[in-house]
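Computed from a predicted model, the values in this text were never measured in an experiment. Each chain gets a letter, A, B and so on, in the order its sequence line appears, and its residues count up from 1.
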Amino acid sequence: MLDIKFIRENQQIVRKAIADKQLGESLKSLNELLLLDEEFRLLRSDLEEKQAKRNASSKKIGELKRRGENADELIQDMGRLSNEVKKLEEKSRSLEAQINTLMLELPNIPHQSVPYGQGPQDNVVAKEHGEKPQFDFQPKPHWELATARGWFDLEAGVKTTGAGFPVFKGEGARLLRALIQYFLNKLNDLGYTEIAMPLMVNAESATATGQLPDKEGQMYQVSDGFYLIPTSELVLANLHRDEILATETLPIKYAAYSACFRREAGSYGKDVRGINRVHQFDKVEMVQLTEPAKSYEALEQMTETSEAMLEALGLPYRRLLMCSGDMGFTQAKKYDLEVWSVGQGRWLEVSSVSNIEAFQARRLQTRFRDGGVSGKAKPELVHTLNGSALALPRTVAAILENYQNADGTVTVPEVVRPYFGKALME
RNA sequence: GGAGGGUUGGCCGAGUGGUUGAAGGCGACAGUCUUGAAAACUGUAGUAGGGGUAACUCUACCGGGGGUUCGAAUCCCUCACCCUCCGCCA
């Protein structure tokens with residue numbers, strides 16, 4: 001959510017952001033918002049004036065009554081005034097609700113370093129690292145390797161649940177677990193606090209982080225008004241909702257492993273082969289809350305953390321700087337990391353690291369100030385950042401494909417061996 | 001699932017429908033004293049929004065939302081959460 005004052009005073013910037021992000025629909029929201037905001041502010045001053053009168057009279061009536069004097073006349077006047085106040089209050093409430101809804105439809109503003117672009121084709125390759133492996137045999141895609149050795153069983157998942165709910169078995173399941181361990185330990189070493197969390201959230205949390213209303217169709221809704229989390233970012237970012245933090249506690253760094261659930265409506269073809277895109281997957285995520293001045297430094301640092309993991313795993317990858325049109329509703333700047341999938345001959349996105357600036361924090365009301373909660377300084381909104389380190393299925397796919405041997409076995413990357421327990425999947 | 005009791009400022013905790021934005025305590029901050037600290041004493045301080053160059057001033061906020069009333073922290077309804085008891089399941 002943007003600051004209403006900012007919107008009011010910087011209409012052109014907001015308009016440009018909407019256009020750059022290819023969200024033409026939001027322009028209507030902006031226009032309507034500006035009108036309602038004007039109306040709301042006029043109404044407010046009228047209302048507040050009348051409230052002030054009412055408060056004064058009420059006080060006077062109290063005094064008269066205490067002294068045992070007659071206040072009937074004043075009470076009659078108050079009746080009329082109160083009615084007006086009540087009507088204005090009602091109007092004010094409904095305007096405020098409308099304004100709020102519209103505010104939720106305005107996207108975050110891209111950082112100045114974000115290139116303009118209409119879609120994925122305009123993303124900029126910011127970096128490429130590692131050699132694509134060469135084989136003296138025809139490398140296979142991960143689903144062939146895994147099915148042949150029984151490392152996962154997609155049919156079984158279809159049976160128990162439906163398409164896109166993979167079942168991992170034996171050494172396949174073990175590889176998942178080993179990777180999760182490796183990632184979390186790595187992040188612990190870097191000062192991230194590990195969190196284990198609920199896999200469902202309420203609408204309030206989902207609204208605060210920006211999934212609602214923007215991505216409602218992407219989430220599974222279960223009973224009692226809960227949503228299955230599409231990413232653990234949602235819970236991590238909400239951990240300090242409505243809190244004022246001491247500056248010294250920043251940056252706050254959280255890491256978590258969780259299952260993630262996404263409806264992924266409209267996906268098809270090679271995108272969904274094997275475990276390229278599934279409805280339930282595992283992910284290790286990092287979230288940081290920082291002071292505004294330090295958030296872009298943190299974005300680089302978090303991206304480098306994910307890259308370091310890919311390097312340690314020996315997977316060739318590239319870093320994309322996402323263009324304005326492909327970066328999503330809440331982000332100010334975002335990098336995607338993609339690994340080379342040799343069996344499919346394509347890049348697979350395994351991480352996405354974003355700076356949300358104050359866009360989430362404004363809804364979360366997560367603030368900080370010098371001197372802590374009861375300090376004197378004015379509270380200020382934190383910046384929130386999130387990034388995957390890393391998403392499991394595609395990392396597994398890349399490992400299987402890039403480390404495959406001619407006989408269908410897979411060499412386990414060295415850094416994972418302590419967790420996996422041996423050097424070869426067979 | 002049923003029946004009761006709760007939710008007040010950073011924390012604890014008063015609060016009778018009418019000068020209560022809210023006593024008191026703790027904690028915080030500033031000052032006095034002290035070589036320094038502690039103690040003691042004195043003082044300051046909620047959050048958000050609006051108006052004003054400023055001094056200042058207005059409004060809202062006592063879990064959330066609605067209502068009753070001339071007037072609500074206080075009465076009513078509703079939702080959420082916490083506690084106790086009963087039932088059910090582990």
Asker: Find the distance A/K91:NZ to B/A60:P and express it as a whole number of Å.
Answerer: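 After rounding, the reported distance stands at 20 Å.
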Asker: Given atom CD of A/E96 and atom P of B/G49, what is their separation to the nearest angstrom?
Answerer: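 My rounded result for the distance is 12 Å.
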Asker: For nucleotides B/A60 and B/A54, find the distance between their C1' atoms and express it as a whole number of Å.
Answerer: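 Pairwise C1' distance, B/A60 against B/A54, rounds to 25 Å.
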Asker: Work out how far the P atom of B/A23 is from that of B/C76, and round it to whole angstrom.
Answerer: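 That atom pair is separated by 25 Å.
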Asker: To the side chain of A/R367, which of B/U47, B/A60, B/U19 is closest?
Answerer: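 When the side chain of A/R367 is considered, B/U47 is the closest of B/U47, B/A60, B/U19.
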Asker: Using Watson-Crick or G-U wobble geometry with both distances under 3.5 Å, which nucleotide pairs with B/A30?
Answerer: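 Because both required distances fall under 3.5 Å, B/A30 counts as paired with B/U42.
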Asker: Expressed in whole Å, how much space separates the P atoms belonging to B/C83 and B/U20?
Answerer: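 Nearest-Å result for B/C83 against B/U20 at atom P: 36 Å.
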Asker: Between A/R8 and A/G62, which is nearer to the 5' end of RNA chain B once each is assigned its nearest nucleotide?
Answerer: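 The residue whose closest nucleotide sits nearer the 5' end is A/G62.
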Asker: Using heavy atoms to find the nearest nucleotide of RNA chain B for A/S57 and A/K53 separately, return the residue whose nucleotide is more 5′.
Answerer: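 The residue mapped nearer the 5' terminus is A/S57.
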Asker: Nearest-Å distance, CG (A/D242) to P (B/A80)?
Answerer: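 In whole Å, B/A80 P lies 19 Å from A/D242 CG.
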Asker: Nearest-Å distance, CG (A/N100) to P (B/A48)?
Answerer: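 Result: 17 Å.
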Asker: Any salt bridge linking A/E297 with A/K294? Criterion: basic side-chain nitrogen under 4.0 Å from a carboxylate oxygen.
Answerer: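 Between A/K294 and A/E297 there is no salt bridge, as every charged N stays at least 4.0 Å from the carboxylate O atoms.
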Asker: For each nucleotide in nucleotides 62-70 of chain B, reading 5' to 3', give B when a protein heavy atom comes within less than 4.0 Å of its base, S when such contact involves only the sugar-phosphate, and - otherwise.
Answerer: ----SSSBB
Asker: Testing A/K5, A/R8, A/R44 for salt bridge (charged side-chain N to carboxylate O under 4.0 Å, His left out) with A/D37, which one passes?
Answerer: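 Among A/K5, A/R8, A/R44, the one that satisfies the salt bridge (charged side-chain N to carboxylate O under 4.0 Å, His left out) with A/D37 is A/R8.
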Asker: Grab the NZ-C1' distance between A/K59 and B/G18 for me, whole Å please.
Answerer: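 The distance from NZ of A/K59 to C1' of B/G18 comes to 11 Å, rounded to the nearest Å.
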Asker: Given that both distances must come in under 3.5 Å, which nucleotide forms a Watson-Crick or G-U wobble pair with B/G36?
Answerer: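 The base-pairing partner of B/G36, which may sit in any strand shown, does not exist here.
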Asker: Applying the Watson-Crick and G-U wobble criteria at under 3.5 Å, what pairs with B/C85? Answer none if nothing qualifies.
Answerer: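 Base partner found: B/G2.
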Asker: Within this structure, what is the NZ-OG distance for the pair A/K283 and A/S351, rounded to the nearest 0.5 Å?
Answerer: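 The OG atom of A/S351 is 9.0 Å from NZ of A/K283, to the nearest 0.5 Å.
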Asker: Tell me which nucleotide, if any, is Watson-Crick or G-U wobble paired with B/U20 when both distances must be under 3.5 Å.
Answerer: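 Checking every strand shown, B/U20 finds no partner, since no pair has both distances under 3.5 Å.
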Asker: Taking any strand in view, what nucleotide pairs with B/A80 in a Watson-Crick or G-U wobble way, both distances under 3.5 Å?
Answerer: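 Paired with B/A80, as far as the under-3.5 Å criterion goes, is B/U7.
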Asker: When you check the phosphate oxygens OP1 and OP2 of B/A80, does a side-chain N or O of A/N202 lie under 4.0 Å from one of them?
Answerer: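 Checking B/A80 against A/N202, no side-chain N or O comes under 4.0 Å of OP1 or OP2.
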Asker: Remember a base hit wins even if backbone is also touched, and classify A/D77 as base, sugar-phosphate or nothing at under 4.0 Å, heavy atoms.
Answerer: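 Counting heavy atoms under 4.0 Å across all strands, no contact is made by A/D77.
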Asker: Before giving the answer on side-chain hydrogen bond (donor to acceptor under 3.5 Å, both in side chains), spell out for A/Q360 and A/E233 the whole-Å C-alpha distance, their side-chain angles and the decisive distance to 0.1 Å.
Answerer: CA-CA 11 Å; A/Q360 282 178 339; A/E233 166 209 346; 2.8 Å; yes
Asker: Please report the distance separating the P of B/G17 from the corresponding atom of B/U42, rounded so that it comes out in whole Å.
Answerer: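 Each nucleotide's P atom is 35 Å from the other's.
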Asker: Without decimals, in angstroms, what is the distance between A/E243 CD and B/C11 C1'?
Answerer: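 Computing the A/E243:CD to B/C11:C1' distance gives 14 Å.
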Asker: Could you state the interatomic distance from CG (A/L392) to CD1 (A/I180), rounded to the nearest 0.5 Å?
Answerer: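 One gets 4.5 Å once the value is rounded to the nearest 0.5 Å.
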Asker: Are A/R177 and A/Y419 in a cation-pi contact, defined as NZ or CZ under 6.0 Å from the six-membered ring centre and within 45° of the axis?
Answerer: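 Ring-cation test returns no.
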Asker: Given the C1' atoms of B/C33 and B/G52, what is the spacing between them in whole Å?
Answerer: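 Straight-line distance between the two C1' atoms is 42 Å.
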Asker: Tell me: CG of A/N83 to P of B/G71, nearest whole Å?
Answerer: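 My rounded result for the distance is 9 Å.
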Asker: Distance check, P atoms only: B/U19 and B/C29, in whole angstrom units.
Answerer: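 One P to the other, the span is 34 Å.
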Asker: Would you say A/K50 reaches B/U59's phosphate, i.e. side-chain N/O to OP1/OP2 under 4.0 Å?
Answerer: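 It does not, given that no N or O in the side chain of A/K50 lies less than 4.0 Å from OP1 or OP2 of B/U59.
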Asker: Counting neighbours of CD on A/Q218 that are heavy atoms of other residues, nucleotides or ligands and sit closer than 6.0 Å, is the number greater than 12?
Answerer: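 Buried by this count: over 12 neighbours within 6.0 Å.
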Asker: Is there a side-chain polar atom (N or O) of A/N55 under 4.0 Å from OP1 or OP2 of B/U59?
Answerer: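 A/N55 to B/U59 OP1/OP2: side-chain N or O found under 4.0 Å.
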Asker: Of all the choices, B/A60, B/G50, B/U19, which nucleotide is nearest to the side chain of A/E63 once you look at every atom?
Answerer: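 Taking heavy atoms from C-beta onward, the closest nucleotide is B/U19.
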Asker: Tell me the partner of B/U68, counting only Watson-Crick (N1-N3 plus N6-O4 or O6-N4) or G-U wobble (N1-O2 and O6-N3) with both under 3.5 Å; none if nothing fits.
Answerer: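 Across any shown strand, B/U68 pairs with none.
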Asker: Could you tabulate the donor-acceptor pairs under 3.5 Å formed by side-chain atoms of residues 317-327 of chain A, not counting sequence neighbours?
Answerer:
residue	atom	partner	partner atom	Å
A/Y317	OH	A/K127	NZ	3.4
A/Y317	OH	A/E311	OE2	2.5
A/R318	NE	A/E338	OE1	2.8
A/R318	NH2	A/E338	OE1	2.8
A/R319	NE	A/E307	OE2	2.8
A/R319	NH1	A/E300	OE1	3.2
A/R319	NH2	A/E307	OE1	3.2
A/R319	NH2	A/E307	OE2	3.3
A/S324	OG	A/D20	O	2.8
A/S324	OG	A/G117	N	3.1
A/S324	OG	A/G117	O	3.3
A/D326	OD2	A/N123	ND2	2.9

Asker: Can you list the steps and then say if A/R241 with A/N238 is a side-chain hydrogen bond (donor to acceptor under 3.5 Å, both in side chains)?
Answerer: CA-CA 5 Å; A/R241 189 167 77 209; A/N238 270 282; 2.9 Å; yes
Asker: Assess whether side-chain hydrogen bond (donor to acceptor under 3.5 Å, both in side chains) is satisfied between A/T330 and A/N108, documenting all intermediate values.
Answerer: CA-CA 5 Å; A/T330 61; A/N108 200 1; over 6 Å; no
Asker: Say we look at B/A14 and B/G6: how far apart would their C1' atoms be, to the nearest angstrom?
Answerer: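 Pairwise C1' distance, B/A14 against B/G6, rounds to 16 Å.
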Asker: What distance, rounded to whole Å, do you find between the two P atoms, one in B/U16 and one in B/G63?
Answerer: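 One P to the other, the span is 15 Å.
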Asker: State whether A/R369 places a side-chain N or O below 4.0 Å from either non-bridging phosphate oxygen (OP1 or OP2) of B/C29.
Answerer: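 Looking at the OP1 and OP2 atoms of B/C29, neither is under 4.0 Å from any side-chain N or O of A/R369.
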Asker: Once you round it to whole Å, what is the distance between C1' of B/A60 and CD of A/Q51?
Answerer: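 To the nearest whole Å, that distance equals 7 Å.
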